[in-house]
Amino acid sequence: MAARSVTLGIDLGTTSVKAALVEAAPGDPSGFVVLASCARAAQAETAAQSAAAGPQGQEQDVRRIIQALHECLAALPRQQLRKVCGIGVSGQMHGVVFWKTGQGCAWTEGGAAPVFEPRAVSHLVTWQDGRCSSEFLASLPQPESHLSVATGFGCATIFWLLKNSPEFLKSYDTAGTIHDYVVAMLCGLARPLMSDQNAASWGYFNTTSQSWNLEILKAAGFPVQLLPDVAEPGSVAGRTSQAWFEIPRGTQVGVALGDLQASVYSCMAQKTDAVLNISTSVQLVASMPSGFQPAQTPDPAAPVAYFPYFDRTYLAVAASLNGGNVLATFVRMLVQWMADLGLEVEESTVYSCMIQAAAQQRDTCLTITPTVLGERHLPDQLASVTGISSSDLSLGHVTRALCRGIVQNLHSMLPFGQLREWGVERVIGSGSALSRNEVLKQEVQRAFPLPVSYGQDVDAAVGAALVMLQRSLSQQKS
């Protein structure tokens, strides 16, 4: 009898790092069991390394992200980690981190277990970065891709650094997403490997030919040597070069996946399912039929984009920049107002009170357009509040209107009628902001009147583990 396969999934998100141990369900080849999971807040936000980025720069300290990752692994059962036969990694797409080949990390004995510590590594410039203005983006060459380029996309950020901080780029010779970096460090790769999911999220990548727009980029003076090699999602990037906690040296590590695709993989049971993820940002995703090919010309004004998935299929994605981060901005505003009034209150207290107040306020005439961060298809749009009357100014009214606005904004990008046209019969809800917010759940049901079921908070980590689990089971069969 074959040994039971246990795989580890890791998700390096915008605000937290998650890990999950998964094994196949006994007697059910398509089922799985989550043996253990863990999440840790990354608390990695930091000032931009380039002063020219100004307040629009959004960067994270890679050391803090890796520290949160190691805290997650330390919290998982050691006896289960010993059984791990594969590691799947996903993370926040679009962002870019730079490092020096061969100097990206140093392995040290971290107490009871070997750990890697970042060394010659830049900050992570995240997908939330706003340094690339509409004018700057308009000055860039047109990509040969069905996907537009937006601020926060890896290639746009590199173009900006090339123009505004060329000395910064001279310090590094390698780049990738944060999850590409982790895979490269675990496997000791000289050059990082990147799945087409993450390559497409950077811009200037053609998903049909599976290649970077090298001629276009070279003609614009872009440092193409920074672009990673591209591999199929679900393939193996390498093997762990060191024992890591209790995970044996030589364990297979998959090519890093996009967190969106990993989330969908964990919970989209049928092609007729749509997946709604509300965490820091919001995504509503539906599966496109096999053989579907998006138009090869990018449309920057289109609210729905087509992301590569697995086996050369695509997901239709309405990706809003305004989700849990808008609620967090509102909470911080209230806390600051209280402080200005000489009162101290915890953010967590404000959050629970406002959701409770909104749950009791079932309706409101107040309308909030919550786009404080704009949208990729409407980069210059700001938020607004309309329909203000003296009877709609309670905390319950405002929070209800804010939650409704987040969902209605998404609905304006991908309406319920379009989902029905595509044959969607059920919505799978996931993401930390949705799972702990009853008001958002009510507004989802109001805007999308379909059966809704809710996944777990660690969906992307579970999805990354499942991709490796399916690979391990396929190898056992063959």
Side-chain angles (χ1 to χ4, degrees), residues 12-14 42 44-50 52-53 56-66 89-101 103-105 118 120-132 136-137 140 143 145 147-185 189 191-205 212-214 217 220-230 255-260 280-281 319 321 376:
L12 304 164
T14 309
E45 285 71 25
T46 189
Q49 285 177 304
S50 171
Q56 299 301 316
Q58 290 282 330
E59 299 188 6
Q60 293 185 342
D61 187 333
V62 172
R63 285 166 184 76
R64 287 189 214 156
I65 296 170
I66 301 307
V89 184
S90 71
Q92 48 175 306
M93 294 191 292
H94 308 295
V96 57
V97 62
F98 304 89
W99 66 95
K100 268 194 169 178
T101 303
Q103 299 174 48
C105 76
V121 181
S122 73
H123 289 166
L124 166 66
V125 182
T126 77
W127 60 271
Q128 291 180 303
D129 189 84
R131 71 186 69 192
C132 298
F136 178 79
L137 292 169
L140 300 181
S145 166
L147 294 167
S148 304
V149 179
T151 188
F153 283 27
C155 284
T157 300
I158 293 171
F159 265 126
W160 187 94
L161 289 166
L162 188 65
K163 180 182 177 182
N164 295 283
S165 300
E167 289 305 311
F168 171 86
L169 284 178
K170 289 177 184 173
S171 305
Y172 306 101
D173 57 8
T174 312
T177 65
I178 183 63
H179 29 312
D180 296 325
Y181 166 77
V182 167
V183 169
M185 296 307 103
L189 301 179
R191 274 185 66 78
L193 274 176
M194 184 183 250
S195 69
D196 65 349
Q197 297 172 356
N198 289 314
S201 82
W202 266 23
Y204 294 98
F205 181 80
W212 297 103
N213 298 169
L214 290 178
L217 292 169
F222 186 96
V224 293
Q225 71 278 7
L226 291 174
L227 297 172
D229 297 330
V230 178
V255 173
L257 309 169
D259 52 358
L260 173 77
T280 305
S281 56
L321 301 177
R376 291 194 178 107

Candidate pair Val97 and Val121, rule side-chain contact (heavy atoms from CB on, under 4.5 Å), full reasoning:
CA-CA 7 Å; Val97 62; Val121 181; 3.6 Å; yes
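- Residues Leu321 and Ser281 have side chains not in contact (no heavy-atom distance under 4.5 Å, counting atoms from C-beta outward).
- Heavy-atom minimum distance, Pro192 versus Ala175: CG-O, 3.5 Å.
- A search for side chain to side chain donor-acceptor pair (under 3.5 Å) contacts involving Glu45 returns Gln60, not counting sequence neighbours.
- One distance of note links NZ of Lys163 with CG of Leu161; it measures 12.5 Å at 0.5 Å rounding.
- Looking only at side-chain heavy atoms (C-beta outward), Thr151 and Gln56 stay at 4.5 Å or farther from each other.
- Summarising the geometry, atom OG1 belonging to Thr14 is positioned 11.5 Å from atom CD1 belonging to Ile178; distances are rounded to the nearest 0.5 Å.
- Leu162 has its side chain within reach of Leu169: a pair of non-hydrogen atoms, C-beta onward, lies under 4.5 Å apart.
- Separation of atoms CG (Leu226) and SG (Cys155) is listed at 9.5 Å; rounding is to 0.5 Å.
- In this structure, Trp202 and Leu227 have side chains that are in contact, with non-hydrogen atoms separated by less than 4.5 Å.
- Evaluation of the side chain to side chain donor-acceptor pair (under 3.5 Å) rule for Ser148 yields no partner, not counting sequence neighbours.
- The closest side-chain heavy-atom distance from Gln49 to Phe98 is not below 4.5 Å.
- Between Trp212 and Phe205, the angle of the ring planes goes over 60°, which puts this pair in the perpendicular group of the 30/60° scheme.
- Side chain of Gln197 to backbone of Leu257: no donor-acceptor contact under 3.5 angstrom is found.
- In this structure, a donor-acceptor pair under 3.5 Å is absent between the side chains of Thr126 and Asp129.
- Here the closest non-hydrogen pair linking Val149 and Pro143 is CG2-CG, 4.0 Å.
- Of all non-hydrogen atoms in Lys100 and Tyr172, the two that sit nearest each other are N-CD2, 4.1 Å.
- Here the closest heavy-atom approach between residue Arg131 and residue Ala48 is recorded as NH2-CB, 4.3 Å.
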Between Val255 and Val230, is a side-chain contact (heavy atoms from CB on, under 4.5 Å) present by the stated rule, with each step listed?
CA-CA 9 Å; Val255 173; Val230 178; over 6 Å; no
Test side-chain contact (heavy atoms from CB on, under 4.5 Å) applied to Gln92 and Thr177, step by step:
CA-CA 8 Å; Gln92 48 175 306; Thr177 65; over 6 Å; no
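- Atoms CG and CG, from Asp180 and Asp229 in turn, are 11.0 Å apart once rounded to the nearest 0.5 Å.
- Atoms CD and CZ, from Gln225 and Arg191 in turn, are 9.0 Å apart once rounded to the nearest 0.5 Å.
- Between Asn198 and His179 the shortest heavy-atom distance is OD1-NE2, 3.1 Å.
- With ring centers used as reference points, Phe222 lies 6.0 Å or more from Tyr204.
- In this structure, the side chain of Ser201 engages the main chain of His94 through a donor-acceptor pair within 3.5 Å.
- Interatomic distance, SG of Cys105 versus OH of Tyr181, reported as 5.5 Å (0.5 Å rounding).
- Considering all non-hydrogen atoms of both residues, Asn213 and Ser145 come closest at OD1-N, 4.5 Å.
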